[in-house]
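Please read these numbers as outputs of a predicted model, since none were measured by experiment. Throughout, protein chains are lettered first and strands after them, A, B, ... in sequence-line order, and every chain is numbered starting at 1.
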Protein chains: 2
Amino acid sequence: MTLKYEPVVTQSVAKQISEQIRRSITNGSLKADDKLPTEAELARQFNVSRPTIREALKRLAAKSLIRSRRGPTGGTFVRAPSMEDMSQDLISSVALMVSLGVFDLTEIAEARHELELACIRLAIKRRTGAETNRMAAEINLQKDQSLTDEEFCASDVRFHRALVDATHNPVMQFQMFTVIEALQPVENMVIFRFRQRKKIIEQHEKILHALLARDLARAEKAIDEQMVYLRESFSQAQEWRRKRDEAKRTASPT
Amino acid sequence: MTLKYEPVVTQSVAKQISEQIRRSITNGSLKADDKLPTEAELARQFNVSRPTIREALKRLAAKSLIRSRRGPTGGTFVRAPSMEDMSQDLISSVALMVSLGVFDLTEIAEARHELELACIRLAIKRRTGAETNRMAAEINLQKDQSLTDEEFCASDVRFHRALVDATHNPVMQFQMFTVIEALQPVENMVIFRFRQRKKIIEQHEKILHALLARDLARAEKAIDEQMVYLRESFSQAQEWRRKRDEAKRTASPT
DNA sequence: ATTTCAATATTTGTCAAGCAAATTAACGCA
DNA sequence: TGCGTTAATTTGCTTGACAAATATTGAAAT
C-alpha cells in the first residue's frame with residue numbers, strides 16, 4: 001500500500017516568523033506605532049535571509065498590521081488596525097464569498113433584515129439629531145429626478161449607514177456595514193431594473209418619521225415593509241433572468 | 001515654506017501585482033482550484049523578479065486566497081476561501097481590536113444581545129431537532145459538577161453556537177460566531193469569578209424550552225434575562241477590579 | 001510481467017550580495 | 001540665519017544560486 005499524501009505540518013519559516021510577530025502584537029509586547037527592528041536586524045535575529053523576513057512582513061502588511069516607510073526615520077511600524085481598515089477588509093472578503101456563491105442572495109437579504117431590526121431598536125433609543133438630519137438630507141437628495149441610478153444607490157447606502165450610526169454602538173456598526181456594502185452590488189442589479197424610486201423613498205420616510213417619533217412599532221413595520229418589497233424585486237429579477245436564459249436557449253440550442 | 005510629507009501615491013510593485021491577481025479572482029477570471037503560472041513564469045509575465053512575485057503571493061496567502069505546494073504537480077492554486085477560514089480570520093481580527101480597546105466590553109455585550117435576539121427570531125421558525133438536541137446535550141454537560149471553568153465556558157459557547165445554527169442562515173452564523181468568540185475571553189474573565197453556573201444553566205434551559213415550544217415571547221424574555229445577568233456580573237467585576245487597584249495604590253503609592 | 005527502488009525533473013522555499021529609490025539629517029556656503 | 005547639497009539610512013527590487021519536497025520515469029530484481 002502506498003501512503004496517501006499527508007499535508008506537511010511544518011510551516012514555512014516565513015509564516016512562522018509572521019505568526020510570531022503577530023502574537024507579539026496581539027499579546028501587547030508590541031504596541032501601536034512601535035518600531036520593529038530593521039529588516040536586516042530582524043534577519044540577523046531570526047537567523048534567516050532578508051527576503052524571508054520580507055515575506056513574513058508582507059503577510060502582516062496584507063492584514064494591515066504593519067506599515068513601512070523608507071528613509072532614515074523609516075522602518076516598519078506596528079499599526080493599530082482602525083475599524084475602517086478592518087471594515088474594508090471584511091467587506092471585500094464577504095463580497096468575494098458572495099461572488100463565489102457561498103452566500104445566497106436571499107440569505108443575505110434575510111440577515112440584513114433581521115440585523116436592521118436589531119439596529120432600529122437601539123437607534124430608537126439612542127438616535128440624535130445628527131443622524132436623523134443625515135437621513136433627511138439623503139431622502140431629499142433621492143427625490144432629485146436627475147440623479148443617476150448609481151448616485152441613487154449610493155445615497156441609499158448612506159441612508160442606511162446613518163441608521164446604523166444612530167445605534168451609537170461600534171460593534172453593531174462594524175457588523176452592519178459589511179452586510180450593507182456586500183449587499184449593495186446585488187441591490188444595484190435589482191434596483192436599476194425593477195425597483196421604483198418613489199416606493200423606496202416612501203419607505204425611507206416612514207423609517208425616518210418613526211425614528212423621529214421614537215416609535216418602535218412603526219419603525220419595525222417600516223423595516224418589514226422594506227423587506228417585503230426587496231423580496232418582490234428579487235423574485236421579479238429572477239423571473240426576468242429565467243426568461244432571458246430560456247430565450248437564449250431557444251435561440252441557440254445546444 | 002517646506003512641503004509637508006505627502007504619502008506616496010505610488011504603491012509598491014508587489015502590492016499592485018497582488019491586487020491585480022486578487023481582482024482576477026474576484027471577477028471570476030481565476031476560479032477556485034485554478035493553477036497560477038509558476039513563480040518564474042509570473043516573474044517573466046509581470047517583468048519583475050521572483051522574490052517580488054513571492055511577496056505579492058504571500059500577501060494573498062495571508063488572506064487565504066491561494067495555497068502553494070512544492071513538487072512537479074505543485075504550484076500555486078486559487079483557494080476558494082471557506083466560511084471557516086474567514087470566520088477564523090475575522091475572529092482573530094476582532095479579538096485584536098478588543099484587546100486594543102477599540103470596542104468597549106459593554107458595547108460588545110449589547111451588540112451580542114441584540115444580535116442574539118435577531119437570531120432567536122429566525123431560530124424559532126427554523127430550528128430542527130438537531131440543534132435543540134445539541135443544546136440539550138450541552139445543558140446536560142454543564143450540570144456536571146466536575147467540569148472545570150474552562151470546560152464549562154467552552155460548553156456555553158457551543159450552546160450559543162447551536163442556537164445560531166438553528167437560524168439556518170449562513171450570514172447570520174458568520175456574523176454571530178465572531179461576536180460569540182470575541183466575547184468569550186471577556187466572559188471567561190467574569191465567569192470564573194462572579195457567575196453562578198446554576199443561574200446560567202437555568203437561563204439556558206429557559207431558552208431551550210422556548211425554542212422547543214417555538215414561543216417567541218418567552219424566548220425573547222429569556223435572552224433579555226441573560227443580558228441583565230451579564231450586565232450585573234460585569235459591574236461586579238469592574239467593582240472588584242476597582243477595589244483591587246485601589247488596594248494596590250495604597251500599598252505602594254507613587 | 002510485476003514490483004520495488006533509485007535517479008530525475010519540476011516547483012516552491014531560502015539564501016546571498018548588491019543596486020535603486022525614498023527620505024531625513026547634517027553640512028557647507030552665501 | 002537661511003538655503004541648497006551631500007551623505008547616510010532604510011525599504012524596494014534584482015540576479016543568481018542552492019535546498020527541499022514531490023511526482024514521474026526507468027532500471028533492476030523477483
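- Closest to the Ser68(A) side chain, of the nucleotides dT11(D), dA21(D), dT24(C), is dT11(D).
- Counting atom types as modelled, Arg50(A) pairs no side-chain N or O with a base atom of dT10(D) as donor and acceptor under 3.5 Å.
- Taking side-chain N and O atoms only, Arg54(A) has a distance below 4.0 Å to OP1 or OP2 of dG12(D).
- Contact annotation: Thr73(A) does not reach the phosphate of dT10(D) (side-chain N/O to OP1 or OP2, under 4.0 Å).
- The side chain of Pro51(B) lies closest to dT15(D) when the candidates are dT12(C), dT14(C), dT15(D).
- Side chain of Ser49(B), nearest nucleotide from dT11(C), dT15(D), dT14(C): dT15(D).
- Between Gly71(A) and Val13(B), the residue anchored closer to the 5' end of DNA chain D is Gly71(A), taking for each the nucleotide with the nearest heavy atom.
- Relative to the side chain of Ala14(B), the nucleotides dA21(D), dC13(D), dG12(D) differ in distance, and dC13(D) lies closest.
- Look at CZ on Phe77(B): it is 10 Å from P on dT11(C), rounded to the nearest Å.
- Of the candidates dT11(D), dT9(D), dC13(D), the closest approach to any side-chain atom of Glu39(A) belongs to dT11(D).
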query: Going through the distances and angles, do Glu41(A) and Gln45(A) end up as a side-chain hydrogen bond (donor to acceptor under 3.5 Å, both in side chains)?
result: CA-CA 6 Å; Glu41(A) 176 62 17; Gln45(A) 284 181 19; 3.2 Å; yes

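- Atoms CZ (Arg70(A)) and C1' (dT24(C)) sit 14 Å apart, rounded to a whole Å.
- An OP1 or OP2 oxygen of dT14(D) is reached within less than 4.0 angstrom by a side-chain nitrogen or oxygen of Thr52(B).
- Between Lys58(B) and dG13(C) there is a side-chain N or O to OP1 or OP2 distance below 4.0 Å.
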